[in-house]
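One structure is given below, encoded as structure tokens.
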Protein chains: 4
Amino acid sequence: MVPPTSATGRRRRLPPEQRERQVLDAAVRVFSRVGFHDASMDDVAEQAGLSKPMVYTHGGGSKEELLRRCIRREADRLLTSVAQAAGARAAPGEDRATEDRLRRGLRAYFATLTTHRDGWSVLYRQARTGTLADEVHRARARIVDRVAELLAAELPGPDPADTRTLATPLAAALVGAAEGLADWSASGGTEDPEALTELLLALVWTGLARLRDHRPEP
Amino acid sequence: MVPPTSATGRRRRLPPEQRERQVLDAAVRVFSRVGFHDASMDDVAEQAGLSKPMVYTHGGGSKEELLRRCIRREADRLLTSVAQAAGARAAPGEDRATEDRLRRGLRAYFATLTTHRDGWSVLYRQARTGTLADEVHRARARIVDRVAELLAAELPGPDPADTRTLATPLAAALVGAAEGLADWSASGGTEDPEALTELLLALVWTGLARLRDHRPEP
Amino acid sequence: MVPPTSATGRRRRLPPEQRERQVLDAAVRVFSRVGFHDASMDDVAEQAGLSKPMVYTHGGGSKEELLRRCIRREADRLLTSVAQAAGARAAPGEDRATEDRLRRGLRAYFATLTTHRDGWSVLYRQARTGTLADEVHRARARIVDRVAELLAAELPGPDPADTRTLATPLAAALVGAAEGLADWSASGGTEDPEALTELLLALVWTGLARLRDHRPEP
Amino acid sequence: MVPPTSATGRRRRLPPEQRERQVLDAAVRVFSRVGFHDASMDDVAEQAGLSKPMVYTHGGGSKEELLRRCIRREADRLLTSVAQAAGARAAPGEDRATEDRLRRGLRAYFATLTTHRDGWSVLYRQARTGTLADEVHRARARIVDRVAELLAAELPGPDPADTRTLATPLAAALVGAAEGLADWSASGGTEDPEALTELLLALVWTGLARLRDHRPEP
DNA sequence: TATGAATGAGCATTCATTCAT
DNA sequence: CATGAATGAATGCTCATTCAT
């Protein structure tokens with residue numbers, strides 16, 4: 001918050017990575033609080049404790065590019081966290097393995113969103129319209145795809161093609177449900193990733209299991 | 001598109017309600033297409049075939065108020081549609097009735113979103129940040145609450161208090177899942193409300209049924 | 001200088017042509033005094049007694065376009081003045097006619113430049129570099145061409161092609177000489193168009209006459 | 001273009017005069033190509049193969065001062081070249097001598113402009129407005145004065161005061177004519193200094209001769 | 001000395017909003 | 001009532017200039 005000052009003077013030189021982090025942190029914060037359009041580059045600069053030219057130099061050269069980088073960073077953070085937690089694909093037949101992987105993934109998802117309240121969950125809504133719609137769409141699609149992959153491994157129905165076709169909308173619904181829970185969590189609900197995860201699994205797991213066995217309705 | 005003109009070529013006087021509808025229709029269209037912030041009041045006026053002062057007079061006096069009214073109207077449209085379809089609260093014990101009510105509600109939900117692509121689903125994302133965040137939040141909360149009510153009737157566990165506590169996050173998850181499916185639908189998936197509904201029900205119904213029987217995991 | 005006010009209020013509505021003239025007058029003045037690049041649109045607005053948006057609305061929408069229009073207007077003013085004064089092409093053989101036409105043209109040239117000190121002679125130098133170089137070049141070329149035409153009528157040497165080839169550089173030199181005199185006039189020399197004209201004619205007329213008779217040096 | 005580097009790869013220390021030349025060369029080049037205002041100090045530094053602080057240190061400390069020095073240097077170059085070519089003042093009565101001196105001066109003038117296209121002829125237009133107007137004016141005045149001196153020697157009319165009064169505007173016109181021809185030359189005309197010189201002399205010499213004999217119009 | 005890094009200050013442009021007609 | 005015309009207030013972005021190393 002306070003501009004870094006050296007012992008002898010006012011301006012300290014910092015390595016570019018630190019500056020970029022400084023700028024992106026400030027931008028994520030400001031964009032999340034007041035919204036991308038209502039935020040001015042002055043706001044970002046002030047939040048970062050830097051001058052505006054620094055924001056431009058280390059933020060990509062334009063307000064839009066700055067948002068793009070914020071989105072990318074937060075999406076990466078989330079995706080990496082979830083992917084690592086979910087781990088490698090389970091061997092076919094390992095029933096519980098998939099459920100556990102989903103569980104671990106969801107925990108990581110909620111944990112990340114809870115820890116970085118200003119990050120992805122707020123940011124990505126800012127840009128669904130306008131020039132960055134594609135960027136956001138791709139970022140979110142990566143997450144959905146990752147989940148779809150996970151589900152596809154779990155839904156080896158008679159027709160593999162059908163399975164993939166089924167897995168994507170299911171993943172979309174699942175991610176949407178997680179987002180809905182995260183919203184609820186943010187506006188008063190529990191913030192415990194564990195509880196959120198179990199709730200969501202309780203809601204969908206048996207449905208997924210049934211779909212896996214290809215008996216959509218008994 | 002062309003403003004109605006009288007025989008003399010001057011604009012015909014219209015009753016205020018029609019004027020307001022004209023303005024809101026134009027605003028919803030423009031805001032949805034180019035986004036709230038990128039849209040100018042000139043754009044709205046042109047789309048409405050009116051002068052800018054008319055837009056101010058009949059649109060609430062400010063751009064923000066105009067968006068607020070758009071959001072309210074579209075949220076009402078959606079909520080009304082879903083509530084009517086779901087019908088009155090079912091008597092406790094009517095098993096299938098609840099499922100059917102949920103089914104009818106979801107169908108109405110997807111049908112409305114599909115039919116009015118420019119409406120709620122686009123609008124509410126525009127305003128989740130900034131001054132109207134609360135407005136949007138409240139509008140969405142009404143929907144979630146309505147669903148929670150529906151689910152609460154279905155989850156008459158031993159402790160009614162717990163039940164309500166459980167119903168709200170479940171409703172949040174369910175609405176989120178529906179939004180996720182709607183997004184997927186909008187970006188290439190099927191647009192058939194029937195199919196979307198059945199998919200979502202297949203995913204969550206057994207889970208809901210289990211939760212109702214209070215056996216969260218066998 | 002003072003913003004036009006109506007009896008009852010602050011802002012008076014004016015026909016577009018008057019507004020445009022008001023804006024261009026101010027722009028020519030400001031650009032001439034401090035130079036195009038050092039002048040701000042605020043300066044122009046203040047000079048015009050208008051708000052900046054008015055300058056944009058009636059000045060072409062950008063600073064560059066504003067300069068373009070200034071240049072065009074001043075060039076037109078000068079060219080029209082000179083062309084009218086020089087009159088129609090003289091019949092071949094009318095010796096004195098050409099000299100008189102040249103004389104009348106030069107008088108108009110100096111008179112215009114003297115009367116509108118802030119106009120062309122200052123403006124056109126502002127833009128010889130940059131995007132408007134072509135615009136300026138064309139404007140100046142029209143003047144040189146007009147003079148070349150006049151001279152060509154006067155130099156009906158044995159080979160018409162050679163004549164035209166000769167007339168252009170001579171016109172360029174003549175216009176340059178006039179500009180040089182105008183500069184001198186502006187920085188302390190006489191401002192009498194009559195005197196300037198006679199001086200220039202005395203300098204070049206016999207040379208032109210000799211060239212006409214095709215005896216470049218006796 | 002590439003800065004001279006020592007064996008260790010660090011830039012070699014150069015004597016200040018060479019540094020200044022390096023900086024001025026780069027500045028003249030850049031200012032001529034993109035124009036003073038559109039050129040940035042970064043551009044100059046890059047063109048010079050130096051860092052920006054070096055440009056400030058050896059270029060006078062400010063962008064404006066840098067331009068001033070460029071203008072001075074190029075004006076000196078031109079004036080020196082012309083003055084040397086024209087040689088010492090001729091003794092009164094030496095008829096042809098003056099014509100020859102004028103001829104040699106013009107040749108040098110055109111030759112210099114043609115050889116250094118990036119120099120004076122481009123530079124001095126950049127600065128005729130704004131803070132450096134005076135500087136440019138003075139530089140140009142030196143040239144005009146030198147020519148006026150030359151002409152004054154040639155016009156020893158009855159009244160010496162009148163003569164000087166006459167010589168200055170004539171010189172202004174002559175220099176203007178030369179500039180006009182140089183412009184024409186730069187935009188497609190011949191670049192041969194010899195041809196340009198003879199053309200201009202043919203245009204003005206007899207006029208000058210007549211004026212010398214004090215018979216302004218036969 | 002020579003420089004990469006940092007900033008203060010300015011400027012073109014846009015728009016929501018409001019009079020005067 | 002309805003509107004064309006006008007403006008105040010912002011905001012994104014750049015660049016000459018200067019430290020701290």
Side-chain angles (χ1 to χ4, degrees), chain A residues 3-16 19 37-45 50-59 61-64 66, chain B residues 3 10-14 16 19 37-45 50-58 61-64 66, chain C residues 3-16 19 37-45 50-58 61-64 66, chain D residues 3 10-14 16 19 37-45 50-58 61-66:
Chain A
T5 56
S6 76
T8 61
R10 211 157 33 83
R11 301 181 285 185
R12 183 160 63 183
R13 297 168 57 160
L14 248 51
R19 282 287 188 226
H37 283 99
D38 291 341
S40 73
M41 291 301 259
D42 283 280
D43 293 341
V44 176
L50 292 173
S51 68
K52 230 182 327 174
M54 293 306 298
V55 174
Y56 277 88
T57 303
H58 297 278
S62 78
K63 197 186 175 190
E64 186 177 309
L66 181 57
Chain B
R10 299 190 47 79
R11 285 201 186 76
R12 199 194 308 159
R13 288 275 266 293
L14 250 50
R19 281 283 190 231
H37 284 97
D38 291 342
S40 72
M41 292 300 260
D42 284 276
D43 294 338
V44 176
L50 293 173
S51 70
K52 234 186 319 178
M54 291 301 287
V55 174
Y56 276 85
T57 303
H58 296 278
S62 79
K63 196 187 178 190
E64 189 177 303
L66 182 56
Chain C
T5 56
S6 76
T8 61
R10 211 157 34 82
R11 301 181 283 186
R12 183 161 63 183
R13 297 168 58 160
L14 248 51
R19 283 286 188 226
H37 284 100
D38 291 341
S40 72
M41 291 300 259
D42 283 279
D43 293 340
V44 176
L50 292 173
S51 68
K52 232 184 322 177
M54 293 307 298
V55 174
Y56 277 86
T57 303
H58 297 278
S62 77
K63 198 186 176 190
E64 187 177 310
L66 181 57
Chain D
R10 299 191 46 78
R11 284 203 185 73
R12 198 193 308 158
R13 289 273 267 290
L14 249 50
R19 281 284 190 230
H37 284 98
D38 291 341
S40 72
M41 292 300 261
D42 285 276
D43 293 339
V44 176
L50 293 173
S51 69
K52 234 184 321 177
M54 291 301 287
V55 174
Y56 275 85
T57 303
H58 297 278
S62 79
K63 196 187 179 191
E64 189 177 304
E65 176 63 22
L66 182 55

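Protein chains get the first letters and strands the later ones, always in sequence-line order, with residue 1 at the start of each.
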Contact list (N/O, under 3.5 angstrom) for nucleotides 10-14 of chain E vs protein:
| from | atom 1 | to | atom 2 | distance (Å) |
| --- | --- | --- | --- | --- |
| dA12(E) | OP1 | Ala39(C) | O | 3.4 |
| dA12(E) | OP1 | Lys63(C) | NZ | 3.0 |
| dA12(E) | OP2 | Met41(C) | N | 2.8 |
| dT13(E) | OP2 | Tyr56(C) | OH | 3.0 |
| dT13(E) | OP2 | Lys63(C) | N | 2.9 |
| dT13(E) | O4 | Lys52(C) | NZ | 2.5 |

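Heavy atoms only, all atoms of each residue included: His58(A) and Pro16(A) are closest at ND1-O, 4.1 Å. Scanning all heavy atoms of the two residues, the minimum distance from Lys63(A) to Ala39(A) falls at NZ-O, 2.7 Å. Across Ala45(C) and Ser51(C), no two heavy atoms sit closer than the pair CB-C, 4.0 Å. The two residues Leu66(C) and Val44(C) have their closest heavy-atom pair at CD2-CG1, 4.3 Å.
His37(B) meets the ring pair (Phe, Tyr, Trp, His ring centres under 6.0 Å) test with His37(A); sequence neighbours excluded.
When each of Ser51(C) and Met54(B) is assigned the nucleotide of DNA chain F bearing its nearest heavy atom, the one mapping closer to the 5' terminus is Met54(B).
Listed by first residue number, the stems of DNA chain F with at least three Watson-Crick or G-U pairs below 3.5 Å are E:2-21 with F:2-21.
Between Arg19(A) and dA6(E), a side-chain N or O to OP1/OP2 separation shorter than 4.0 Å is present.
Residues Thr57(B) and Arg19(B) are not in side-chain contact: their nearest non-hydrogen atoms beyond the backbone lie 4.5 Å or more apart.
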